[in-house]
Amino acid sequence: MNLTHPFLDADGDKLREECGVFGAINAADATAVTALGLHALQHRGQEAAGITSFDGQEFYSRRGLGHVAENFSSSEAIASLPGMMAAGHVRYSTTGGAGLRNVQPLYADLASGGFAVAHNGNISNAQTLRDDLVRRGAIFQSTSDTEVIIHLVATSRYPTMSDRLVDALRLVEGAYSLIVMTPTGMIACRDPLGIRPLVMGKMGDATVFASESVAFDVVGAELVREVVPGELVMVDFDGNVTSLHPFGTHRSRPCIFEHVYFSRPDSVFAGHSVYEARKAIGQQLAIEAPVEADLVVPVPDSGVPAAIGYAQQSGVPFELGIIRSHYVGRTFIQPSDGARHSGVKRKHNANRALVEGQRIVLIDDSIVRGTTSMKIVEMMRDAGAKEVHFRVASPPTAHSCFYGVDTPERSKLLAARMDVEPMREFIRADSLAFVSIDGLYRAVGASGRDPASPQFCDACFTGEYPTALTDLARREDKDAQLPFDKVA
Ligand code: SF4
């Protein structure tokens, strides 16, 4: 195999968080604040961005493909979205593809008034619910799973908006962190297991919500707390905040991959600094998988905090043996598969002067398909590294995610196809090790994984999904029926 790699794109072989949401109410410049907040969440979705605002009379929407800055940096764009309340969304293409009609927030005129919703997550019974709604006469405008929520709210017979929303969400399975706008205010809510993140903040008289706390740092808001799993937080235009817990109490199962890779390291997730958690994962990895080496080298940027932790724990010096160019610019990621994989996005290059003749421990956050890991190992060898040991700051990713994260189908995940030793051979490293699942839990503040009732969603490592996967089960059922259909 010809592995020419003057530059590498290490981002094409990652799991990707698919959405980020931000909302502001009782803010004099709600749209400008929302645009700024979305900009801080840009890493959660780079294919499209949208903002909807409300000025007390009308709702206004603006949505476009591309980055937040491409759509919302002009004063004309901000002025076109007036009002004291606004909500926004950044996305990769998730359920529903990448068309403009699927760009959120989605908006509908209901009998009770306007209804706008921005959703982070994925509804795992969306197709089943949609089929049922269509049979009952619903006409869908988009192919997004989020529109199912709008139709369920529209057809609910409860009198108040909060009751209608609760009525709708009782039917929904999967992961959702929602920011909803109605003529009476904003509702932020999180699924009963809290799989996707959502935090609440304060900025003077304004209340703000965001997928990650880093957005509050950027807009100058103060983090108040997480929206609790299963909670609806309602804020009206007088600043009254009401909290409902209509789904009973469950042990929360936030996505542990937020700690590993998705969240920005300067965010606080599930009460812990993401940066500190990543460093602790690296320390744990050094305890579990030590190796004689001269340098600890991160795969930038996501491997950096874990590599610092590994170096601190092991005493092996941390060095930047791979340099990422920050001057290439992030090419707009086309939503078609071919363009996505061929586009020049991020550039990495070996720091030859440093790695030549050295025994290197490479630290990355995860291995997905393994193709990038293989190329990076080869790049280190071509730069003269004597030995290349690969250490991974998460357990083997052997299962797909159905909760709003873009994962390749299971057959393309390296860890689903082979054990660790064949994986080592595949990426051509001298040794390969992953942090254990218990080690990961310990690093993020738990005392180890409780197998009877795990404290996080970790399904992409363990295959133990915390919710029903109705649409998947129906598909598998259908596939199972196929031979019989053919016989018939
Ligand atoms: S399956 Fe993995 S990526 Fe998806 S929510 Fe669970 S832990 Fe996160």
Side-chain angles (χ1 to χ4, degrees), residues 11 13-21 43-45 91-92 94-95 119-126 145 172-178 190-198 211-212 226-227 229-230 250-264 267 269-270 272 274 277-278 281 302 364-369 392-416 434-446 449-451 453-473:
D11 291 349
D13 193 14
K14 296 282 183 197
L15 299 190
R16 292 189 321 190
E17 175 61 61
E18 291 179 330
C19 298
V21 293
H43 59 288
R44 298 182 76 87
R91 80 189 297 257
Y92 286 112
T94 66
T95 309
H119 171 207
N120 176 204
N122 189 57
I123 299 170
S124 57
N125 64 341
D145 61 331
V172 165
E173 288 168 4
Y176 54 83
S177 285
L178 303 176
R190 212 166 156 203
D191 66 76
L193 299 177
I195 296 174
R196 299 258 70 85
L198 191 61
S211 296
E212 288 182 42
E226 291 206 355
V227 175
H250 303 258
R251 178 162 213 175
S252 62
R253 300 282 300 272
C255 167
I256 204 164
F257 227 111
E258 293 284 348
H259 273 312
V260 171
Y261 175 65
F262 300 142
S263 289
R264 261 177 59 159
S267 280
F269 173 64
H272 285 84
V274 172
R278 284 182 193 162
I281 298 170
S302 53
D364 205 353
D365 58 88
S366 56
I367 291 182
V368 181
R369 293 181 179 84
V392 187
S394 60
T397 305
H399 302 270
S400 301
C401 176
F402 299 100
Y403 302 125
V405 171
D406 184 16
T407 341
E409 60 191 68
R410 194 161 180 236
S411 61
K412 300 220 169 78
L413 296 171
L414 194 64
F434 296 79
V435 77
S436 67
I437 189 81
D438 269 326
L440 175 60
Y441 269 70
R442 276 197 290 278
V444 301
R449 184 177 192 264
D450 175 359
S453 178
Q455 306 91 314
F456 288 91
C457 176
D458 55 19
C460 47
F461 308 127
T462 61
E464 291 178 30
Y465 294 93
T467 73
L469 299 173
T470 299
D471 289 347
L472 183 73

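The basis for the numbers below is simple: all heavy atoms, side chains too, and nothing from hydrogens, waters or symmetry mates. Counting starts at 1 for both ligands and their atoms, in listed order.
No donor-acceptor distance shorter than 3.5 angstrom exists from the side chain of Arg44 to the backbone of Arg91, with no hydrogens or angles considered. Ser394 places no side-chain N or O within donor-acceptor distance of the main-chain N or O of Val260, the cut-off being under 3.5 Å. Proximity of a side-chain donor or acceptor of Asn122 to a complementary backbone N or O of Phe402 within less than 3.5 Å is detected.
Close contacts between ligand 1 and Ile195 involve ligand atoms 5 (S) [criterion: under 4.0 Å to a heavy atom]. For ligand 1, the atoms sitting less than 4.0 Å from at least one non-hydrogen atom of Arg196 are 5 (S), numbered in the order shown with element in parentheses.
Using a 30° and 60° split on the angle between ring planes, Tyr465 and His399 fall in the perpendicular class, above 60°.
Ion pairing between a basic and an acidic side chain is recognised when a charged N comes within 4.0 Å of a carboxylate O; Arg264 and Glu258 show no such pairing. We find that Asp458 and Arg449 are joined by a salt bridge, their nearest charged nitrogen and carboxylate oxygen being less than 4.0 Å apart.
Ligand 1 is never approached by Arg253 to a heavy-atom distance shorter than 4.0 Å.
Protein N/O/S atoms closer than 2.8 Å to atom 2 (Fe) of ligand 1, listed by chain and residue number, are Cys460 SG.
Distance check: Thr467 OG1 to Glu173 CD gives 6.0 Å after rounding to the nearest 0.5 Å.
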